[in-house]
Structure formats: C-alpha cells, structure tokens
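Notes for the one structure printed next.
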Amino acid sequence: MRNPKLLIGGLLFLGLLIFALAGPTIAKSRTKLKDPLQISAYTPYQAVSDEIPIGSDQLGRDAMAVFLYGMRLSLGVGFVAGIVGTLLGVLVGFVAGFVGGNTDTILRVLTDMFLVVPTLPLLMVLSISVDKWDLLTIGLLLGLFSWPFVARTVRAQVFSLSQRPFVDLARLNNENSLEIIVQELIPGLLPYIFLSVSGAAVGAMLAEAGLQILGIGSGNLATLGYLMAKAMGAGALGGGFAGQVLLPAGYLTLTFLCLNLINMGLDEQFNPRLQTTAHGE
Amino acid sequence: MKNEEKPEEKSFRSRLQRYRPLARYLGNRFGVYLFTLWASLSLAFILFRFMPGNPMAMSVTQLQSNAGLIVGADKAAEYYREKMGLNEPLHIQYLKFLKNMIFGPFDFGHSFVKYPTPVNEVIGRYLPWTLGLFTTSVILAWILGTAIGALLGWMRRSRFASWAIVLTTLINITPIYVLAVFLLLGLSYKLGWLPSGRPYDAQMMPSWKWPFIKSVLIHAILPVGTMVLVWSSGWILGMRSLMVSVLGEDYLAYARAKGLSPLTILKEYAFRNALLPQVAGLAIVLGMSLNGAYIIEIIFRIPGLGTLFANAAALRDFNTMMGLLVFSAFTVLTGSLIVDLAMPLFDPRIRRSDA
C-alpha cells in the first residue's frame, strides 16, 4: 500500500477494533465484581474515584465498564447497518445503471426522494415501535435508511463502466449479462462497494447516537451513544462526569476519522480523476 | 439560438419559445415535489396505521400510569377510536386523511397529551425556534463555506490552505453532537463566556422587547455557532475541490492567456462555475441538516420541533408525532424546491438550452 492515508487509517482502525473486542476482558480484569456491568453496584452517578474513574451511570453501573462493553455494540450496529445499506444500495444502483431507461428514471426519482426527506423523524417513529431493541434490529433499521447515497454512487459508476469499450467487447464476444456483470463490472466496483460499507456504517453510528440523544433507545443495548446521551441528560457536563461523555465521544470521533481516512485513501487510489488533479498540478 | 435572433422575429411567440426549457424544468421539478410530498404523506399514514403495537392501547396504558385512571379505560379508548375515525375501513381513513391534509390544511387532529389543543397549534408554538435557528444556521453556513472554500481553492498551492483543509476535514467528520458538547464544556462550563442549556434568561418572559431579544441572541450563539461550524466545513471542502477542478479547465488557461485580471477570473470564470453544484447540493443537504438541528435542540434545551418530537415520542403522542413527521418532510421538501427553483438564476443553461 503506497497510500499513507489508507495505511494510517487502516492501522488505527485495526487498533480501535482490537480495543473494542478486548473491552469486556479489560472490564473484567479491572473489577472485583463478578459481572462488571452489575446494576446498582454503586449509587447512580456516584462521584469519580479510583475504582470508578468516570463515575457510575444512572443504573448504578460502573460507567467505565459500560464504555468498555459499549464500543463493541456501537461498532456492531455500524457494521450491520453498513452491510444492509450497501446491499440495498448496490442492488438499486446496479439495476438503475445497468438496465437504464424507464427503470433508471423511476429508481432515480425514488433515490432522490429518500435523499431529501429528513430521516431522523422517520427513524424516531419507527424505532419507538420496535419492541425488541437489539443490535440486529437497530442495525437493520438504520441500514434501511443509508442506501440512497450508495445507490447514487454505484449507479453513476455502473453507468460509466458499462459505456467503456471493454464492455462492448464482452458483448461482442457473446457474453451474457451475468458474465458481464461478474467479470467486467464488479471488479471495477469493489473499491466503491467498500467505500459504501464504511460510509453507511458511519452514518448509522451517527444516527444511532443521535436517536439516543433524542431519548429513544434502551438499556438493553448500552452503546456508546446510550452512555453519552444518558450522561448528558443527567447534566454530566457540569456535574463532574464529563468523562462519561468525552470518552465515548472521543472513541466515536476517532472511529469516524479512521473510516474517513480509509475512504479518502481508497478514493485517491482508485479514482482516476483525483489522480490527475493530484499529479497534474 | 441567441445568435440567430433577428429583430423582426422578436414576436411574442418566439419570446415564449425561448422560455420553454425553463418552463419544462420548473414543471418537472414541481411535479416531483408534489409526488414526493404525497409519498411522504402516505408513508406517514401507513406507518401509523400498521405500526406494531396498537398506538391507542399504548396511550391508554400511558394514561393509566399517569392519571391512575383504571375504571373505564377501554370505554375511553373506544370513544376516542370512534371519534378519530379509527373504526372505519382503511381506504376511507386514507381518503379522509388526505382531505384533512389538503383542505385542513395539515389537520392532524388533537394532541393526545395536551388533549383539546390541536396538533397544529402545538407545533406552531415550537416552530419559531426551529425555523429561526435552523434557517439562520443553514444560510450562514452555506455563505461562509462557499466563500472560504472558493478562497482556499484559489490559493491551493499555499501552505496555509493545506493546513486549513486538514483542520476543516477534522471538523467535518466530527459528529455535530460531539462538537456541541466540546463547545458547551469549554466556552460555557469552563470559561463561562457564554450561557448554556436555556433558550433565554430564566427570569424573562417572551416579548418583542430588546432585553429579551438580546438574551435570545446571546443564548443562540453556541447552538448556531456549532451548526455553522460543522455544516460550513462540508461546504468548504466541496467548494474547494470544485474550484480546484474548475481552475484546471482549459477555458481558465484561455482566460489567463487573454490577460484578464486575476479578480475577474476568480469571480466571473472560476467562482461562477464552481457555484452551481453548491447550490444544487443545498437542496439535498437540507434534510440532513434538519436531523442535526433536532439533536442540537435537545443538547441546548431549545424548545423547538426536535424537543417536541422527543417529548411526543416519550409520551407516545401519536398525533403530534405524525404531524411533526409530515411537517419535517414538508419543510425540507419545500426548502429544496425553493433552492431548485432558484437554480435557473445561477445557471443560464437551464434558462435557455437548445437541447
């Protein structure tokens, strides 16, 4: 990998991922409690001490343990939503770009509609009707709203790829549509597909924390957004519990930074237009 | 077409002919607007009718836990079902809903929680805050971002510009609520420069007098500042890369070769062409900005639509939520329609194209 952005972003992200996966183990090793997430182990919002470095949350749990467990959940929500959103977006974008004509027009209007309508109110309504607030449901729900951007990029790419001479050549060689899609188009799309997964994941993680701040969510899925939102609601900023907000906020921001770095790196590596501007100056 | 025009041909008809592309563009755009609006209305209707878990049952439970009303709760629910027309066939309900939307206009019935008050009135009370803060921030962010982005694109080779871009990228990827928290913590709690957590001074009563307006303005600095900071960073990055790619075009080399002054090139050649996607982008970004504005309202405790939505969601006030859902869609769609209708002012190709 020659691209420094891709390298730094990838390595940092790997570090964050390992930290998230190791979170529960770390939490267990630094407490005497049997279950690090034990409710009412402390009084709610108990002052910061050596034992609980960022205080306790509103259920009397060690907030540090909630944070250590929450990283995994937040990344998980992003991952599920990223995959779902990308699958949907690639499907819509692919059909629109490859079939063209009226199908394209209809799908494009649909995509534009979803792009414009504010999604947060819609998500709020949908999520209060969810009776089982777990990782998969919430990831799925958020994924359903993150496909329009993916569909747009993929459509443009498929459209431009399918106009290239090598696709004409494949047609002349009597390859059928499926062969053309698998052999000629998908390889060119791969970087964009990865780009969409991380883009949709970032969007979903942002939205999940946003929903939590708006007061929708449950303790069943104590993500970083949950910890942050509950602490903020309880006036943690002025009350000496800033760590409960800053730590999850910092982790989320760092994750977004890495994913964005990776995306920018991929874009530079694979987008020929950017290459010409970078070297042609 | 412009070159072929001869004075005697400037009849009414030919003049009309010139505006045909414009009329087609405007007609198309308005058609899509109406369709999208209808689709979001229908979506709102479907969502609330097919929602898992009966909204009415939830409200009754809510009522019971709040007021301790246990005797006759079923009867009360039945009364409201009948009154709100929930016992009628679905297609009649849908038609009535559309009728209330169009001729009401936007009649969502009564708020569950603030019972006899109509939803419209409740929304009307919270609306000015959202409209004021959100509109100001969107416009300020766009103007600032476009101007700064153009300048950074213009001085693309300077060291200052590349550092500014790194900083802007950092701000751009920071979630809006994280930035809000940092600014709140720093400027308000630590330094005490700006007030926080209230839309205006606690002792004041809303009025149109100067002390109150001043208080509102001072309290608005942090929320508006946060939104402008985050949103303008996106516009800066977009405008900068547009400028850089426009500056590499052949017609700019031609303009330079003609010996035009750098200011003319910047204003008439580069800026004007890079501006178009920025204007078009505004229409798309409005929806996402509203999402951010709702979150900002909660963090800064501003009594706007986001706060109302959060309250309505917590109390399961379904009529109010439906009203807010439709209203948010309506605001954003109308906003982006206005932006798109203004496009011909910036892009002469839409006004008179031969295609």
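Chain A is the first sequence line, chain B the second, and so forth, proteins listed ahead of strands; every chain is numbered from 1. Treat the numbers as computed from the prediction; the structure is a model and nothing was measured.
Here the side chains of A:Thr253 and B:Ile173 are not in contact, with every heavy-atom distance at 4.5 Å or above. A heavy-atom distance below 4.5 Å is found between the side chains of B:Phe182 and A:Leu246. Between A:Phe256 and B:Val178 the shortest side-chain heavy-atom distance does not fall below 4.5 Å. The closest side-chain heavy-atom distance from A:Leu120 to B:Leu290 is not below 4.5 Å.
Of all the listed residues (B:Thr174, B:Val181, B:Val32), the one sharing the greatest number of non-hydrogen pairs under 4.5 Å with chain A is B:Val181. Most heavy-atom pairs under 4.5 Å with chain A, from the set B:Leu170, B:Ile176, B:Ile295: that is B:Ile295. Your options are A:Leu122, A:Leu123, A:Leu259, A:Leu110, and the one with the most heavy-atom pairs under 4.5 Å with chain B is A:Leu122.
To the nearest 0.5 Å, atom OH of residue B:Tyr294 and atom CE of residue A:Met124 are 8.5 Å apart. The structure places CD of B:Glu297 at 9.5 Å from CG of A:Leu214, a figure rounded to the nearest 0.5 Å. With rounding to the nearest 0.5 angstrom, the CG atom of B:Asn172 is 7.5 Å from the CG atom of A:Asn260. Between A:Met232 atom CE and B:Ile298 atom CD1 the span is 10.0 Å, to the nearest 0.5 Å.
The environment of A:Tyr251 atom OH is dense: over 12 non-hydrogen atoms of other residues, nucleotides or ligands sit within 6.0 angstrom.
Neither the backbone nor the side chain of B:Leu305 comes within contact range of chain A; no heavy atom of the residue lies under 4.5 Å from a heavy atom of that chain. If you measure heavy-atom distances from B:Thr36 to chain A, the contacts under 4.5 Å come from both the backbone and the side chain. Contacts of A:Ala229 with chain B are absent, with no heavy-atom separation under 4.5 Å from either backbone or side chain.
Within the structure, the side chain to side chain donor-acceptor pair (under 3.5 Å) test picks out no pair touching residues 303-315 of chain B (sequence neighbours left out).
Considering only residues two or more places apart in sequence or on other chains, A:Phe194 meets the ring-ring contact (aromatic ring centres under 6.0 Å, His included) condition with none of them.
Contact annotation for residues 195-206 of chain A against chain B (heavy-atom separation below 4.5 Å, listed by residue number): A:Met205, A:Leu206. Within residues 135-152 of chain A, the residues having any heavy atom under 4.5 Å from a heavy atom of chain B are, by residue number, A:Phe149, A:Arg152.
Contact record, A:Pro121 with B:Ser328: CG-OG, 3.8 Å, taken as the closest heavy-atom pair.
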